[in-house]
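Notes follow the structure.
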2 protein chains.
Amino acid sequence: MKVTMKQIAKESGVSIATVSHVINGTKRISEEKHQKIMEIIKKYNYVPNFSAKNLRQQSTKTAGLIVPSFPDSYVTGYINGIQDRARELDYNLLFVNTNEDTEYEKKTVNLLHSKMVDGIILSPTSMDARYLDRLIEEDFPVVLISRYDPRLKNTPWVTPEDFQAGYDATTHLIQHGHEKIGLIYAVPNVTPTIHRIDGYKRALEQHNIPFNENYLELGYATVDGGASAARALLNRQPDITALFILSDLMTIGVISACKELTLRIPEDIALIGFGDFASAKIIDPPVTNINLPPDTIGKTAFDVLINKINNPSYNKHIQLPTSLIIRKSCGC
Amino acid sequence: MKVTMKQIAKESGVSIATVSHVINGTKRISEEKHQKIMEIIKKYNYVPNFSAKNLRQQSTKTAGLIVPSFPDSYVTGYINGIQDRARELDYNLLFVNTNEDTEYEKKTVNLLHSKMVDGIILSPTSMDARYLDRLIEEDFPVVLISRYDPRLKNTPWVTPEDFQAGYDATTHLIQHGHEKIGLIYAVPNVTPTIHRIDGYKRALEQHNIPFNENYLELGYATVDGGASAARALLNRQPDITALFILSDLMTIGVISACKELTLRIPEDIALIGFGDFASAKIIDPPVTNINLPPDTIGKTAFDVLINKINNPSYNKHIQLPTSLIIRKSCGC
DNA sequence: ATGAAAGCGCTAACAT
DNA sequence: ATGTTAGCGCTTTCAT
């Protein structure tokens, strides 16, 4: 059986309240008793029961983190950033991957809300996250990462500059002389996809290149998903000379597919990926990617959560700049 | 303020116990009251307070997961497997990355032990995990994943067949005619490293190739760490014709370094990595890897934890077979 | 400086 | 079938 404060108190010959004060430093206790109590605590390796503490204090020093997919270098990256920051601030992290399952997401949010955590960082599976309104009205701290629902009032979020990134990648391809630019995305109806496509459209428009709906292709956010999407798209639109891919695992699949189809990169088809990944520079050819700084995004999101916990009206919307990491696949 | 059972009871005109029974299905309650209570619950979107429930039941339906590093395709992979299984079994996961920091690991284990979780899955940073003895004696469920301390009594673990994998990779290289085989590892004094190196030695021995300590190199488990290690090793032992690398991020770094050094793979230097990663097949050349089935390892570890929770004397040691995924970097 | 005791929200044994 | 109540381990107010 685990040791409780009661037993520590008994063995130390003091009251349970005194033990509590020694542990939490909430009141001055005589040096003598302090020593004695600490000794017994050490002897039994006593650690306070968190459930009891939480129940009493209505706070858990743990944060929930709900991501829609995993692994993927971008998601993995911001998880890492969040974890680092949480650790620095002495918070724990309850981690859930919803696998793009909206119902499971709702269930999980409810569960974490039921006082298991002090707040949550969430990347919702769907554009419609209004089910959160109820919690937000109660001032339960929620911060959105990467994806957000603009209809949600009083809810901070942190994302990359998706519009700009889509614009930059497309412009770069256009500057290489491409006009028929395919785009492969993974999750429809979420802000990153929408904004990146908006950036893509804007770049085309500025160069008087007509937008063609058929150049867009939806794929699963996996290696195989990317490969299938590339095959389908290139089969339907053989005139495409460049591809812009919105997730790193798909980028890998697209490159595989191109190799199978004996399409040379970048000669036959130029390529820019989204989310820089470790092996990008040793792939043949090295792949040009948009880097969304995942680590910074994660750290920032956690800081925002802490602000939100301390101040329920905190409501910053933060967009972090991306950068185009130019290698060879774009034709440079 | 959050709604509690008390208020639900009051508003439904029943006792708090009846509400509890309706929620948990622990007793037959008349259809009429059942309906009424459910209605009120839905109206307030009531969810039981977990801390209270946990405190009462001494169980939390959440498991701790402590990994030593992140990201890395192998660790990421087993996290994913664990997460999937946990979800199937309706468990939550408290996730912590220790970043190979032993003190932080101890602190985290203590924290999770204090009744926040029903058990933990741990990949220890150090070979010496005897500090766990205390918890194990209390029958706190601990299962080790990937790495283990053989001195720990009554502690199940699940790992890949590291010895066999090291043996297989080395044998394959030997069959390609290599005798001067370098080995780059990341974490000394943990079972996977030790066993893989043992497998390597064994293969050499069987082919009457002398073991040379200088062919071993320690590097950080990152892309840059792999690159530096490769430069150092190849500089010291230019006679090396093949390399066996024990972690995927390092493998990527090693390939970069070889490219910088204008060493052709596999002609000048053959290569086998450990831990198959998504982009391995589109790297130039495609890289031959040992696949440790991370997903299976994760799922199995979670199942083992559940068994351990249900039966404190459960103590299986499970080794899962690996496979050599042959591509081009080995010279095939 | 220290202690007694109430109470956080829930479950479950017991009573009706 | 339903209700009463003790108590999980802790913090914290109020007495002393």
Side-chain angles (χ1 to χ4, degrees), chain A residues 1-38 40-41 44-62 110-118 138 140, chain B residues 1-38 40-41 44-62 110-118 138 140:
Chain A
M1 202 39 219
K2 264 192 75 70
V3 180
T4 68
M5 251 173 74
K6 200 171 168 181
Q7 292 154 66
I8 299 290
K10 191 171 170 193
E11 191 149 341
S12 310
V14 298
S15 80
I16 186 173
T18 306
V19 175
S20 175
H21 287 131
V22 163
I23 287 170
N24 300 298
T26 28
K27 254 183 193 164
R28 280 235 65 77
I29 300 293
S30 70
E31 188 56 28
E32 183 201 9
K33 303 215 171 190
H34 186 103
Q35 295 266 308
K36 177 71 180 170
I37 292 167
M38 288 309 283
I40 309 285
I41 285 177
Y44 286 107
N45 237 298
Y46 167 76
V47 193
N49 177 310
F50 258 70
S51 295
K53 188 169 183 159
N54 296 342
L55 176 58
R56 186 55 226 242
Q57 307 199 134
Q58 308 282 58
S59 133
T60 61
K61 273 279 197 176
T62 103
N110 271 329
L111 189 72
L112 299 194
H113 172 231
S114 61
K115 287 269 176 291
M116 285 189 76
V117 300
D118 297 346
E138 279 180 20
F140 180 65
Chain B
M1 204 36 223
K2 266 193 73 74
V3 180
T4 68
M5 249 173 77
K6 201 171 169 183
Q7 295 155 63
I8 298 289
K10 192 172 169 191
E11 189 149 340
S12 310
V14 298
S15 79
I16 184 175
T18 306
V19 176
S20 174
H21 286 133
V22 164
I23 287 170
N24 301 299
T26 29
K27 254 182 192 163
R28 279 234 66 78
I29 302 293
S30 70
E31 189 57 28
E32 182 200 9
K33 306 219 170 195
H34 186 103
Q35 294 266 307
K36 177 72 181 168
I37 291 166
M38 288 308 282
I40 309 285
I41 285 177
Y44 287 107
N45 236 298
Y46 167 77
V47 193
N49 178 311
F50 257 69
S51 295
K53 188 169 182 159
N54 295 342
L55 176 59
R56 185 56 227 241
Q57 306 200 135
Q58 307 282 58
S59 128
T60 62
K61 272 279 197 177
T62 105
N110 270 328
L111 189 72
L112 299 193
H113 173 232
S114 61
K115 287 266 177 292
M116 287 189 73
V117 300
D118 297 346
E138 279 180 19
F140 179 65

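All chains are named by letter (A, B, ...) in the order of the sequence lines, taking the proteins before the strands, and each is independently numbered beginning at 1.
Between A/Q58 and the phosphate of C/dG9, there is a side-chain N or O to OP1/OP2 separation shorter than 4.0 Å. Contact annotation: B/S51 side-chain N/O to C/dC8 OP1/OP2 distance is not under 4.0 Å. For C/dG9, the OP1/OP2 oxygens have no side-chain nitrogen or oxygen of B/T4 closer than 4.0 Å. The phosphate of C/dG9 (OP1 or OP2) has no side-chain N or O of B/Q7 nearer than 4.0 angstrom. Using a 4.0 Å cut-off, no side-chain N or O of A/Y46 falls inside it from OP1 or OP2 of D/dG9.
The side-chain heavy atoms of A/T4 and A/K10, taken from C-beta on, include no pair separated by under 4.5 Å. At least one side-chain heavy atom of A/S20 sits under 4.5 Å from a side-chain heavy atom of A/M5. At a threshold of 4.5 Å between non-hydrogen side-chain atoms, the residues A/R28 and A/H21 do not count as touching. Residues A/F50 and A/T60 are not in side-chain contact: their nearest non-hydrogen atoms beyond the backbone lie 4.5 Å or more apart.
Annotation: the span from B/M116 atom CE to B/S51 atom OG amounts to 8.5 Å, rounded to 0.5 Å.
Closest to the side chain of A/P48, out of D/dG3, C/dC10, D/dC10, is D/dC10. Of the candidates C/dG3, C/dC8, D/dC10, the closest approach to any side-chain atom of A/T18 belongs to C/dG3.
Among the candidates A/L111, A/T62, A/N54, the single residue satisfying the side-chain contact (heavy atoms from CB on, under 4.5 Å) test with A/V117 is A/T62. Put simply, the residue from A/E31, A/E32, A/K33 that forms a side chain to side chain donor-acceptor pair (under 3.5 Å) with A/Q35 is A/E31.
In this structure, the CG atom of B/N54 is 14 Å from the P atom of D/dC10, given to the nearest Å. What separates CZ of A/F50 from P of C/dG9 is a distance of 19 Å, to the nearest Å. The distance between atom NE2 of A/H113 and atom P of C/dG9, rounded to the nearest whole Å, is 13 Å. Between the P atom of C/dA12 and the CE atom of B/M5 lies a distance of 11 Å, rounded to the nearest Å. Going from atom NZ of B/K53 over to atom C1' of C/dA12 covers 13 Å, rounded to whole Å. At whole-Å resolution of the value, NZ in A/K6 and P in C/dA4 are 13 Å apart. Here the C1' atom of nucleotide C/dT2 and the CD1 atom of A/I37 are 10 Å apart, to the nearest Å.
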I'd like a table of atom pairs between the protein and nucleotides 5-7 of chain C - only N or O on both sides, under 3.5 Å - with the distance next to each one.
{"residue": "C/dG7", "atom": "N2", "partner": "A/R56", "partner atom": "NH1", "Å": "3.0"}

Requested in this report: Show your working on side-chain hydrogen bond (donor to acceptor under 3.5 Å, both in side chains) between B/N49 and A/S114 and close with a plain yes or no.
Outcome: CA-CA 5 Å; B/N49 178 311; A/S114 61; over 6 Å; no
Query raised in the report: Which is it for A/Q7 and A/E11 under the side-chain hydrogen bond (donor to acceptor under 3.5 Å, both in side chains) test, yes or no, and what are the steps along the way?
Result: CA-CA 6 Å; A/Q7 292 154 66; A/E11 191 149 341; over 6 Å; no
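Side-chain atoms of A/T18 do not come within 3.5 Å of backbone N or O of A/V14 as any donor-acceptor pair.
If you find the closest nucleotide of DNA chain D to B/Q57 and to B/R28, the one lying nearer the 5' end belongs to B/R28.
Base contact: A/L55 has a heavy atom under 4.0 Å from a base atom.
Within a heavy-atom distance below 4.0 Å of DNA chain C, the residues of residues 19-27 of chain A found are A/K27.
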